[in-house]
Amino acid sequence: GVKIYNGGSPFISRCWMRDVLIGASSKAAAAAGLGPRDGLILDGTGIFLAEKVTIAANRRHGLVSDSTGVEPNTTLKFDMCSFVENGFGPAETEGFGIYLQGSTSIAEFNGGNSEANKYGEAKLVSVNNARFRDFDFETTTADQDFVVMVLATTCNPVVIDNCNFLRGSSVTVGKATFAISAESCGNVHVFSNRFGGWTNAGMIRLDNASFRCHVHDNHLLTGAYIEDYSV
């Protein structure tokens, strides 16, 4: 797809894109092996802005933020962007709409959506200052294959507020068991979100290696519950 990369120093700064589409022509085309493997790759990017960008039908990941060179990715902002139907390429064993890796720092998603991605809507690993605000997550098809919609591991802090999490009626039993899971994270704040389709199911799970976490004022449906083991 598109890769912004600098293996040296300083990082590539003040990049932006607007009204851009990255991906194959359709999910079926990606399943046939067409189109990019990954949509947008950021590697050594700083002060990056994307507006009204659609990253869809890539064979593996939609967005990848991965620092393999000298400089990290930092201060990334996505306004009204979509990450849809990624991960359906042949022989792929992973594929997320949004995949943020360390040492990403300050990544903000305002508006937009991540939905119908095969192996997860968003995965965050060792990320600092990630935020999803006014964002729509939807798991709606039977061919999606994951337990957690948004998974954060060893991140600090993470803020998820005023977002919508929808689990569609066609999602099979055992899939999309949790909307949000935090593992070994610090300062996870989840508030003022709405969860649809999660009746009598787990919504949010914070493990006992996480700390200073706050979950409050979320809209839960009948029988939905939160597992908070954080300290």
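We number each residue from 1, following the sequence as shown. Everything quoted here is computed from the prediction, not taken from an experiment. Just so you know, these numbers use all the heavy atoms, side chains as well, and skip hydrogens, waters and symmetry mates.
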Quiz prompt | Listed once per pair and sorted, the ring pair (Phe, Tyr, Trp, His ring centres under 6.0 Å) pairs that draw on residues 18-60, sequence neighbours left out | solution = Phe48-Phe78
Quiz item: Are the side chain of Ser26 and the backbone N or O of Ala29 linked by a donor-acceptor pair below 3.5 Å?
Solution: yes
Practice problem: Report the distance from atom CE of Met149 to atom OG of Ser181, rounding to the nearest 0.5 Å. | Solution: 13.0 Å
Self-check item: Side-chain heavy atoms of Val148 within contact of Thr177, under 4.5 Å
Solution: no
Self-check item: Any side-chain heavy-atom pair of Phe88 and Asp143 under 4.5 Å
Solution: yes
Quiz item: Quick one: do Phe11 and Val127 end up in the same hydrophobic cluster if we chain Ile, Leu, Val, Met, Phe, Trp and Tyr together by side-chain heavy atoms under 4.5 Å apart?
Solution: no
Practice problem: Taking all non-hydrogen atoms of both residues into account, name the closest pair between Ala30 and Ala24 and its distance. | Solution: N-CB, 4.1 Å
Self-check item: Side-chain donor-acceptor pair present, Thr68, Asp43, cut-off under 3.5 Å
Solution: yes
Quiz item: Is a side-chain donor-acceptor pair under 3.5 Å present for Thr154 with Ser126?
Solution: yes
Self-check item: Hydrophobic cluster membership, Val20 vs Ile55, 4.5 Å side-chain cutoff
Solution: yes
Exercise. Working to the nearest 0.5 Å, report the span between CG of Asn129 and CG of Leu76.
Key: 11.5 Å
Quiz item: Is there a donor-acceptor pair closer than 3.5 Å between any side-chain N or O of Asn58 and the backbone N or O of Arg60?
Solution: no
Quiz item: Is any side-chain heavy atom of Phe195 less than 4.5 Å from a side-chain heavy atom of Leu221?
Solution: no
Quiz item: Do the side chains of Val147 and Phe165 join up, straight or via other hydrophobic residues, at under 4.5 Å, putting them in one cluster?
Solution: no
Quiz prompt | Shortest non-hydrogen separation from Ala176 to Val171 and the atoms involved | solution = CB-CG1, 4.1 Å
Exercise. For Tyr225, enumerate each residue passing the ring-ring contact (aromatic ring centres under 6.0 Å, His included) test, keeping only those at least two apart in sequence or located in another chain.
Key: none
Exercise. Can you measure from SG (Cys155) to CG (Asn128) and round to the nearest 0.5 angstrom?
Key: 8.0 Å
Practice problem: Taking Ser170 for its side chain and Thr140 for its backbone only, find out whether a donor-acceptor pair lies under 3.5 Å. | Solution: yes
Quiz item: Distance from Cys185 atom SG to Arg212 atom CZ, nearest 0.5 Å?
Solution: 12.5 Å
Practice problem: Answer yes or no: is there a side-chain heavy-atom contact under 4.5 Å between Asn156 and Phe211? | Solution: yes
Practice problem: In plain terms, say whether Asp38 and Arg59 are close enough for a salt bridge, that is, a side-chain N and a carboxylate O under 4.0 Å apart. | Solution: no
Self-check item: Val190 and Asn218: CA distance, side-chain angles, deciding distance, side chain to side chain contact (heavy atoms under 4.5 Å, CB included) verdict
Solution: CA-CA 8 Å; Val190 180; Asn218 295 288; 4.1 Å; yes
Quiz item: What heavy-atom pair brings Pro36 and Gly1 nearest, and what distance separates the two atoms?
Solution: CB-N, 3.2 Å
Quiz item: Do you reckon Phe96 sits in the same ILVMFWY cluster as Val64, going by side-chain contacts under 4.5 Å, direct or chained?
Solution: no
Self-check item: Rounded distance (nearest 0.5 Å) linking atom CD1 of Ile180 with atom CZ of Phe132
Solution: 9.5 Å
Quiz item: Can you find a pair of side-chain heavy atoms, one from Ser184 and one from Asp207, that are under 4.5 Å apart?
Solution: yes
Practice problem: Answer yes or no: is there a donor N or O on one side and an acceptor on the other, between the side chain of Asn73 and the main chain of Thr45, under 3.5 Å? | Solution: yes
Practice problem: Using the test ring-ring contact (aromatic ring centres under 6.0 Å, His included), find all partners of Phe146 that sit at least two apart in sequence or belong to another chain. | Solution: none
Exercise. Could you grab the distance from atom CG of Asn164 to atom CZ of Arg194, nearest 0.5 Å is fine?
Key: 6.5 Å
Quiz prompt | Residues forming a salt bridge (Lys or Arg N to Asp or Glu O under 4.0 Å) with Lys3, sequence neighbours excluded | solution = none
Practice problem: Assess whether side chain to side chain contact (heavy atoms under 4.5 Å, CB included) is satisfied between Val150 and Phe137, documenting all intermediate values. | Solution: CA-CA 9 Å; Val150 179; Phe137 294 98; 3.6 Å; yes
Exercise. Please lay out, stage by stage, how Glu94 and His61 fare under the test side chain to side chain contact (heavy atoms under 4.5 Å, CB included).
Key: CA-CA 8 Å; Glu94 61 177 3; His61 305 306; 3.4 Å; yes
Could you pull out every donor-acceptor pair under 3.5 Å between side chains of residues 108-125 and any protein atom, sequence neighbours left out?
residue, atom, partner, partner atom, Å
Glu108, OE2, Asn110, ND2, 2.8
Asn110, OD1, Arg133, NE, 3.0
Asn110, OD1, Arg133, NH2, 2.9
Asn110, ND2, Asp79, OD1, 3.2
Asn113, OD1, Ser82, OG, 2.5
Asn113, ND2, Glu115, OE1, 2.9
Ser114, OG, Asn117, ND2, 3.2
Ser114, OG, Glu121, O, 2.7
Asn117, OD1, Glu85, N, 3.3
Asn117, OD1, Asn86, N, 2.9
Asn117, OD1, Asn86, ND2, 3.0
Asn117, ND2, Phe83, O, 3.1
Asn117, ND2, Glu115, O, 3.3
Asn117, ND2, Glu121, OE1, 2.8
Tyr119, OH, Glu92, O, 3.0
Glu121, OE1, Glu115, N, 3.4
Glu121, OE1, Asn117, N, 3.4
Glu121, OE2, Ala116, N, 3.3
Glu121, OE2, Thr139, OG1, 3.0
Glu121, OE2, Gln144, NE2, 2.9

Practice problem: Please confirm whether the backbone N or O of Ile160 pairs with a side-chain atom of Asn193, one donor and one acceptor, at under 3.5 Å? | Solution: yes
Practice problem: Can you label the angle between the His189 ring and the His214 ring as parallel, tilted or perpendicular, going by 30° and 60°? | Solution: parallel
Practice problem: Group every Ile, Leu, Val, Met, Phe, Trp and Tyr by side-chain heavy-atom contacts under 4.5 Å, then state whether Leu166 and Phe178 land in the same group. | Solution: no
Self-check item: Enclosure of Met17 CE (heavy-atom neighbours >12, cutoff 6.0 Å)
Solution: yes
Self-check item: side-chain contact (heavy atoms from CB on, under 4.5 Å) partner of Leu42, the single match among Leu63, Asp66, Thr74
Solution: Leu63
May I have the list of side-chain donor-acceptor pairs in residues 98-107 shorter than 3.5 Å, sequence neighbours left out?
residue, atom, partner, partner atom, Å
Thr104, OG1, Ser65, OG, 2.7
Thr104, OG1, Gln101, O, 2.5

Self-check item: Student check: side-chain heavy atoms of Glu51 and Met80 closer than 4.5 Å
Solution: no
Quiz item: If we only count heavy atoms from C-beta on, is the Ile47 to Trp16 side-chain gap below 4.5 Å?
Solution: no
Quiz item: Hey, are the side chains of Asp161 and Arg131 touching, using non-hydrogen atoms and a 4.5 Å cut-off?
Solution: yes
